[in-house]
Structure formats: C-alpha cells, structure tokens
Amino acid sequence: MTAHRVTAPELPADGSKPKGPASYFPSIEKTYGRPVQEWLDLVADRLDDHPHMEVVSWLKSEHGLGHGHANALVAYVRHALA
C-alpha cells in the first residue's frame with residue numbers, strides 16, 4: 001500500500017448532499033458493492049506510478065467502473081494528495 005492514504009469523506013452532518021467528486025460515492029458503493037475506501041486505496045496506490053487517465057482506464061477495464069465513477073475517484077484522490 002502507498003505511504004499516503006486518502007480517507008473517504010464523512011457525509012455532511014446537516015443531511016445535505018456531498019459536492020464535487022464525492023457526490024458520486026454513494027452511487028459507486030451501491031453499484032459496485034464495495035466501500036468507497038477500498039476504491040480510494042486502490043486509486044492512491046495506482047496514482048503513485050500512473051497518470052490520471054491511465055488510472056481511469058484501468059478502473060474501467062479491470063474493475064468495470066463507468067467513466068464518470070472512475071474519474072470521480074481519481075479526481076478526489078488527486079485533489080486530496082495535492
């Protein structure tokens with residue numbers, strides 16, 4: 001595992017919907033049956049050696065994610081590590 005870890009965001013306490021890439025996370029969990037944290041860990045590890053769009057393509061081809069879901073995960077991790 002990578003030396004850095006990006007943790008999944010907490011849902012807003014006021015009941016509002018998350019904004020930005022995190023707004024996809026509930027749908028990602030429901031659609032693919034894995035916690036978002038697992039996806040974030042996979043992406044963080046992969047981003048150590050690969051550019052953004054290669055990681056998006058990998059998520060799509062190896063894990064069956066749709067483009068929007070894959071891109072949201074990669075964007076969230078990249079922003080958190082910046």
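Along the sequence shown, residues are numbered consecutively beginning with 1. Just so it is clear, the structure is predicted and the values come from calculations on it, not from any experiment.
A 4.5 Å side-chain heavy-atom check between L42 and R34 finds at least one atom pair inside the cut-off. A 4.5 Å side-chain heavy-atom check between K17 and P12 finds every atom pair outside the cut-off. F25 has its side chain within reach of P9: a pair of non-hydrogen atoms, C-beta onward, lies under 4.5 Å apart.
Rounding to the nearest 0.5 angstrom, the gap separating the CD atom in E62 from the CZ atom in R46 is 7.5 Å. Rounding to the nearest 0.5 Å places CG of L73 at 6.5 Å from CG of L59. Residue S57 holds its OG atom at 12.0 Å from CG of L65, rounded to the nearest 0.5 Å. In this structure, H50 NE2 and D45 CG are separated by 11.5 Å, a value rounded to the nearest 0.5 Å.
Open room surrounds CZ on R78; 12 or fewer heavy atoms of other groups in view lie less than 6.0 Å from it. Surrounding NE2 of H79 are at most 12 heavy atoms belonging to other residues, nucleotides or ligands under 6.0 Å away.
Note: W39 and H69 fail the aromatic proximity criterion, with ring centroids not under 6.0 Å apart. Under the 6.0 Å cut-off for aromatic ring centres, Y76 and Y24 do not qualify, their centroids lying 6.0 Å or more apart.
D41 and V6 make their closest contact through OD1-O, 4.3 Å (heavy atoms, listed as atom of the first residue, atom of the second, distance). Between K60 and A70 the shortest heavy-atom distance is CG-CB, 4.1 Å.
Checked by atom type and distance alone, the side chain of S23 pairs as donor or acceptor with a backbone atom of G20 at under 3.5 Å.
With sequence neighbours excluded, the residues satisfying side chain to side chain contact (heavy atoms under 4.5 Å, CB included) with A8 are V36, Q37, L40.
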